[in-house]
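Let me begin by presenting the structure, written as structure tokens, before commenting on it.
Every value quoted in this text rests on a predicted model; they were computed, and no experiment measured them. So that the names make sense, note that chain A is the first sequence line, chain B the second, and so on, each numbered from 1.
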Amino acid sequence: MTIEFDNNMPIYLQIMNYVKKLIITGKLAPGDKIESVRELAAELQINPNTIQRTFQELEREGIVETRRGLGRYVTNEETTIMRIKKEMAGELLDRFVVGMRELGFREEDIVSLVSEAVKSKAPAGGEGEG
Amino acid sequence: MIKLLKYDWKRNSVTLIMAFVIIVLIQAVFTGAGKANGWDPNGVYAGMVVFYGMAAFLTFLLAFQTYHSNIKSYSRRLLPVPSVYLAVTPFLLLLACHAAVGILFIAHDMLFRSLFGWGRSLIDLMAEHVGAAQAAGIAATYVWNAAVTSAVVMFSITMSRTVEGKGGTWLGLLTAIILFTAVPWLEGVIFPVLSETHAQIGFITFFANAPGSTEFELVPFKPIHFGVVLFEAAVVAALVWGIAYLLDRKTKL
Amino acid sequence: MQPILKLAAVSKSYGRKAALQDVTLEAAPGRIVGLLGSNGSGKTTLMKIAAGLLRPDAGSAEICGVPAGRATKAATAFMPDHPLTEPWMRVRDAVAFFADFYADFDRSKAKEMLGFMQLNERDKVSTLSKGMNERLQLTLTLSRNARLYLLDEPIGGVDPVAREIILDAIVQYYNEDSCLVISTHLVADIERIFDKVVFIKNGRLILHEEVEEMRLKRGKGVTDTFKEVYAE
């Protein structure tokens with residue numbers, strides 16, 4: 001795992017987003033075991049307490065679960081994974097729409113521009129939408 | 001404390017072993033040359049004694065330098081040991097070195113006697129004039145004087161580390177001078193009867209002979225007078241306590 | 001839970017110069033605390049007091065409830081900006097020295113760390129480069145199972161490769177029962193390791209914050225906040 005960290009944003013949020021992305025894109029499959037706090041901390045050179053907090057938040061959201069004595073695992077619940085995917089997409093969309101509106105575009109224009117962009121831009125590395 | 005002593009030795013082991021070898025070589029060459037060239041045994045013996053005296057003096061320097069390095073190094077000052085141990089172990093090393101020199105001296109002396117067939121060595125003189133108890137007394141006096149000197153010097157070194165830079169060095173020197181003059185003077189005041197016979201505290205009296213003449217004069221070692229010893233013991237105790245106090249609170253690293 | 005390090009209104013002066021003025025701070029077990037400030041701000045003095053090498057002129061310093069001093073040296077591992085080794089030593093002598101005097105020294109951990117740091121037992125300490133020396137000092141310090149670790153500028157003046165290794169080692173061998181206080185002026189490299197930071201300026205404690213809170217509330221990390229605070 002290599003992430004570029006922005007020191008001006010809470011690190012635990014950045015790691016959370018990163019883990020969520022890995023799960024959504026399938027790099028971390030449902031039911032996969034997650035590295036321990038210590039391993040991850042050493043790999044990323046981050047305070048173990050921060051990693052701990054990340055995992056706690058992920059558990060709260062149901063994305064990750066702790067199995068007693070065995071470690072932490074990605075949830076098997078497809079619905080949960082779908083939910084995060086939609087949430088993350090939603091965040092992207094919100095930002096996009098706000099940005100486009102600031103530029104002065106109207107709704108129909110935004111939609112047609114998106115349609116065009118999707119058709120012309122080839123999908124990156126096999127990650128489709130849907 | 002033994003562990004500290006072990007490391008004091010390890011720090012100096014190369015120097016000490018080399019020095020020992022050099023002393024043996026020089027003494028061997030000197031004595032051998034003396035025998036081969038038919039030099040006056042008194043002169044050769046005198047030279048030999050002076051040289052051992054120098055060796056003993058140099059070990060003092062080594063011990064004090066070790067102490068000084070010890071109190072300047074983080075590796076020692078961070079150790080969970082009573083601070084005073086840092087002063088005691090160089091002194092023990094000193095005694096061990098002097099014992100080694102002493103044994104070397106005795107061996108050399110015996111060799112000398114058989115080589116030159118001469119009956120005027122220190123051992124001979126001592127055998128004539130001095131019984132076993134007095135010999136023990138002399139040894140004890142020697143160790144005691146070394147202890148008092150060491151306490152004064154190490155205390156002065158510690159004092160010099162309480163102030164930065166040149167000021168510290170001057171403070172240390174001043175402390176040493178004051179102590180080396182004040183204590184004998186005080187002894188003279190408190191114990192006036194013995195002031196003439198008592199050799200000044202701290203200076204090595206073992207080799208304070210007057211070589212270079214054809215006769216050997218042994219400076220009479222004072223009999224052990226408990227009053228003086230107690231006084232000196234009090235001084236040493238105060239100095240040692242002072243060292244511990246300064247190391248814990250006042251010295252800079 | 002009792003804090004491992006507790007400084008209450010600590011002041012210390014050298015002659016007329018006030019090195020520390022009225023500093024109060026606490027550090028709990030399992031925390032990594034950054035002690036930041038420019039050179040001469042009082043960071044090293046603070047560490048020396050916590051290490052039991054200096055007595056404060058006013059206020060108190062306690063390690064696990066015990067006043068800092070000889071009694072706490074056994075539970076405190078201080079890595080100063082000066083060598084913890086003597087010039088005659090080889091690496092294995094330094095390890096033996098630590099093992100001899102510190103009951104909490106873990107020889108197997110040391111062996112592992114030496115391998116990690118690529119240090120050879122037979123190396124002479126005097127021939128090690130600055131970076132290798134720094135790694136050795138860190139190995140000796142972290143191989144102890146102390147309650148409080150005090151690292152004074154562990155990455156200062158060291159090449160980037162050694163820096164990476166050192167930061168790795170700090171996180172790897174970190175102990176949840178202990179507290180780690182690290183002083184540095186190279187903030188950017190190390191800020192992700194801190195739980196909280198303490199800013200010292202002219203002997204005074206001017207900031208004491210949890211790092212993630214700082215990022216959330218100020219929108220700035222430690223480096224940028226540091227620049228802001230020390231700009232004048």
Side-chain angles (χ1 to χ4, degrees), chain A residues 1-22 33-61 63-64 66-72 84 87-88 91-92 94-95 98-99 102, chain C residues 27-34 36 112-113 116 142 154-155 160-182 186-197 209-228:
Chain A
M1 271 198 216
T2 46
I3 324 178
E4 281 299 313
F5 283 111
D6 179 0
N7 278 331
N8 293 327
M9 251 185 62
I11 306 280
Y12 85 98
L13 287 176
Q14 294 176 56
I15 306 178
M16 272 180 78
N17 284 337
Y18 185 74
V19 172
K20 284 182 187 174
K21 253 185 163 165
L22 288 178
K33 184 161 197 233
I34 300 186
E35 284 172 285
S36 72
V37 168
R38 195 168 276 276
E39 283 168 351
L40 204 51
E43 206 180 295
L44 299 171
Q45 279 177 20
I46 291 193
N47 188 309
N49 290 324
T50 308
I51 310 279
Q52 186 85 321
R53 187 172 177 182
T54 306
F55 284 169
Q56 274 165 7
E57 289 294 314
L58 288 173
E59 265 176 60
R60 231 174 28 84
E61 294 190 19
I63 302 166
V64 152
T66 309
R67 296 191 200 156
R68 287 219 107 175
L70 294 168
R72 284 197 179 84
I84 327 165
E87 272 172 16
M88 288 191 86
E91 279 168 32
L92 267 175
D94 281 345
R95 285 207 295 272
V98 165
E102 273 174 16
Chain C
R31 315 283 274 152
I32 302 183
V33 180
L36 308 177
E112 196 188 310
M113 269 189 92
F116 181 76
L142 293 184
I155 56 173
V161 173
R163 225 179 273 171
E164 277 296 301
I165 294 184
I166 288 171
L167 290 177
D168 255 343
I170 290 176
V171 175
Q172 186 107 293
Y173 293 99
Y174 149 89
N175 188 332
E176 287 120 36
D177 298 319
S178 319
C179 172
L180 204 61
V181 176
I182 305 178
L186 293 174
V187 189
D189 290 332
I190 204 176
E191 74 163 276
R192 294 193 317 256
I193 291 188
F194 296 141
D195 277 300
K196 68 176 177 182
V197 287
E209 271 178 46
E210 299 277 324
V211 180
E212 291 281 71
E213 290 299 307
M214 179 188 276
R215 294 186 180 115
L216 204 58
K217 294 208 180 107
R218 292 174 187 245
K220 289 202 193 93
V222 183
T223 313
D224 287 349
T225 309
F226 185 86
K227 282 188 201 153
E228 204 181 82

* Asked: Taking the side chain from A:N47 and the backbone from C:I193, do they hold a donor-acceptor pair closer than 3.5 Å?
  -> yes

* Asked: Under the salt bridge (charged side-chain N to carboxylate O under 4.0 Å, His left out) test, which residues partner A:R72, sequence neighbours left out?
  -> A:E59

Please identify, among [options], the residue contributing the most non-hydrogen atom pairs under 4.5 Å to chain A.
| options | value |
| --- | --- |
| C:R31, C:E191, C:E213 | C:E191 |
| C:L216, C:D195, C:I32 | C:D195 |
| C:E164, C:E212, C:R218 | C:E212 |

* **CZ on C:R192 to CD1 on A:I11, rounded to 0.5 Å** => 6.0 Å

* Asked: Say you draw a straight line from CD of C:E176 to CZ of A:R38; how long is it, rounded to the nearest 0.5 Å?
  -> 5.0 Å

* Are there residues of residues 165-173 of chain C that reach to under 4.5 Å of chain A by heavy atoms, and which ones? -> C:L167, C:D168, C:V171, C:Q172, C:Y173

